[in-house]
*Asks:* 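Following this message is one structure expressed as structure tokens.
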Amino acid sequence: MTATATPPTTPTAPPAPDRRRRGTAWLLTCALVAALVLLALLSAGIGAYDIPPGDVLTSVQHRIGLGGAPLDRVGESVLWNVRLPRIVLALLVGASLGCAGALMQGVFGNPLAEPGVIGISSGAAVGAVACIALGLDFLGTWTITLCAFVSGLATVLIVYAMSRSGGRTEVVTLILTGIAVNAFAGALIGLFLSYADTAAVNQITFWQLGSLAQATWPKVLAVLPCAAIGLLVAPLHSRKLDLLSLGERPARHLGVDVEKLRVVLILVIALLTAAAVAVSGVIGFVGLVIPHLLRMLAGPGHRFLVPGSALGGAVVLVAADLAARTVASPAELPIGVLTALTGSPFFFWLLRRTRRKQGGWA
């Protein structure tokens, strides 16, 4: 009896959807980087004192020792003391909020989680407002950041504990908990307002509305370490987040320490959120909209989603800050108001879409 030879097997190509998603991720990354560079260049030049893009580039080249030429005295002062600190701060805050939103959605396992929606931003703001109202200054420029971090961490732990039921996080419970936390935080902020002096009231109003108008290089340096640590640590857990998205039990079988992962990422989320809130006030919906849009375009893989959300958040906040100071010029709109006006309708649409999938709303 003759045996038939088995034809040699050839390696199978990866599925077409995977290749398409990887290609989409690369295209999105390139597009976001290009958009960020273009927006930063426009934001540096547009304002009450216009600076042509070519002059911006030559001034930057001169400062870093690559030739070029300085601008006139007024132009140099406007560019380096007013606009560039604001652009860098918008980049750091947007990246922190976008990354925190992606991590939050991965940790809680649903697309409706976001630091602002479930009260972490307002919780961190309570710490900052308390620091301002009480005149605390025990760590210099780090005092507000530390107070925001502590109150933000406490808030996220409370929300995490109250939103879990039967070993899983309920979307409705998450949203209701966020409503309660936001209301309580608003009441605490109002209480501090009633005891604060006029100067402190002006600062507290800044925290409630969100703004980058007071950006300076010292503020950039104060938030940079917190944002850098969070943004560097977050992508290291992308694979574990992908495994966690399969469910807690499969993730444990695949070697993931689920509770340790959640604790570490909650700390990272609190650090990123506190860093953003400490210098910009409450800016909502960036961490909700950006990760969800990228997930719809490039799939749920966190290896792209986490850094991509940071990059997308930076793009959105630089654009929002440019709009905030130019749309109603010479007046300036609070940036938190702009993000809420655009993010709220998206959140309502997302909530209806999620409830339809769960068989809730018709």
Side-chain angles (χ1 to χ4, degrees), residues 93 96-130 148-191 207-210 262-263 265-278 280-293 295 309 313 336-337 339-355 357-358 360-361:
V93 170
S96 297
L97 293 176
C99 183
L103 293 178
M104 181 75 70
Q105 293 172 13
V107 168
F108 283 95
N110 68 75
L112 297 177
E114 192 261 345
V117 173
I118 63 174
I120 299 176
S121 296
S122 57
V126 169
V129 167
F149 172 72
V150 172
S151 59
L153 177 60
T155 303
V156 74
L157 291 175
I158 292 171
V159 171
Y160 174 72
M162 295 183 65
S163 61
R164 287 183 65 78
S165 175
R168 55 193 294 265
T169 305
E170 298 289 343
V171 175
V172 174
T173 307
L174 188 73
I175 296 172
L176 293 177
T177 304
I179 292 173
V181 169
N182 278 315
F184 185 70
L188 288 178
I189 292 173
L191 183 63
W207 292 109
Q208 290 179 295
L209 299 178
R262 283 202 169 110
V263 169
L265 291 183
I266 284 173
L267 288 172
V268 173
I269 291 166
L271 185 66
L272 289 171
T273 305
V277 171
S280 67
V282 178
I283 299 176
F285 294 101
V286 175
L288 170 70
V289 174
I290 300 304
H292 194 77
L293 286 178
R295 188 182 290 107
S309 296
V337 172
T339 58
L341 285 174
T342 55
S344 298
F346 180 86
F347 176 70
F348 180 70
W349 169 81
L350 180 59
L351 182 60
R352 289 184 60 87
R353 181 173 178 266
T354 303
R355 294 296 292 168
K357 285 186 176 181
Q358 294 177 351
W361 295 347

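Any value given below was found using the heavy atoms of this structure, including those in side chains, with hydrogens, waters and symmetry copies removed. On a predicted model such as this, the values are computed, not experimentally measured, just so you know. Numbering of residues begins at 1 and proceeds along the displayed sequence.
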*Asks:* Using a 3.5 Å distance criterion without hydrogens, assess whether the side chain of T155 forms a donor-acceptor pair with backbone atoms of I120.
*Replies:*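 No; judged by distance alone, with no hydrogens or angles, the pair does not exist.
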*Asks:* Suppose we screen for side chain to side chain contact (heavy atoms under 4.5 Å, CB included). Which residues come up paired with L271, at least two apart in sequence or across chains?
*Replies:*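 Side chain to side chain contact (heavy atoms under 4.5 Å, CB included) check on L271 returns F149, C226, I229.
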*Asks:* If I take atom CD1 from residue I269 and atom OG from residue S96, how far apart are they, to the nearest 0.5 angstrom?
*Replies:*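 If we round to the nearest 0.5 Å, I269:CD1 and S96:OG are 12.5 Å apart.
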*Asks:* Which atom pair, heavy atoms only, marks the closest approach of G123 to A185?
*Replies:*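 Shortest heavy-atom contact: N-CB, 4.4 Å.
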*Asks:* Which residues satisfy the side chain to side chain contact (heavy atoms under 4.5 Å, CB included) test with L341, sequence neighbours excluded?
*Replies:*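 Once residues adjacent in sequence are excluded, the partners of L341 under the side chain to side chain contact (heavy atoms under 4.5 Å, CB included) criterion are V337.
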*Asks:* Between OG of S309 and CG of L97, what distance do you get to the nearest 0.5 Å?
*Replies:*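 Answer rounded to 0.5 Å: 11.5 Å.
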*Asks:* Return the CD1 to SG distance between I290 and C99, rounded to the nearest 0.5 Å.
*Replies:*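 Rounded to the nearest 0.5 Å, the CD1-SG separation comes to 13.0 Å.
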*Asks:* Are side-chain heavy atoms of V277 and V93 found at a separation under 4.5 Å?
*Replies:*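 V277 does not reach V93 side chain to side chain.
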*Asks:* Does any N or O in the side chain of T339 come within less than 3.5 Å of the main-chain N or O of G284, such that one atom is a donor and the other an acceptor?
*Replies:*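 Confirmed, T339 side chain pairs with G284 backbone.
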*Asks:* Applying side chain to side chain contact (heavy atoms under 4.5 Å, CB included), run through T273 and V156 and close with a yes or a no.
*Replies:* CA-CA 10 Å; T273 305; V156 74; over 6 Å; no
*Asks:* Got a second to check how far Q105's CD is from E114's CD, nearest 0.5 Å?
*Replies:*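 One finds 8.0 Å between CD of Q105 and CD of E114.
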*Asks:* When rounded to the nearest 0.5 angstrom, what is the spacing between OG in S122 and CD1 in I189?
*Replies:*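 Separation between the atoms: 7.0 Å.
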*Asks:* How far does CG of L267 sit from CG of L272, to the nearest 0.5 angstrom?
*Replies:*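 Reported value, rounded in 0.5 Å steps: 11.0 Å.
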*Asks:* So which atom in G98 and which in P291 form the shortest heavy-atom distance, rounded to 0.1 Å?
*Replies:*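 In this case the closest contact between G98 and P291 is O-CG, 3.7 Å.
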*Asks:* Using modelled atom types only, decide if a donor and an acceptor are shared between the side chain of S121 and the backbone of V282 within a distance under 3.5 Å.
*Replies:*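 The answer is no, because no donor-acceptor pair under 3.5 Å joins these two groups.
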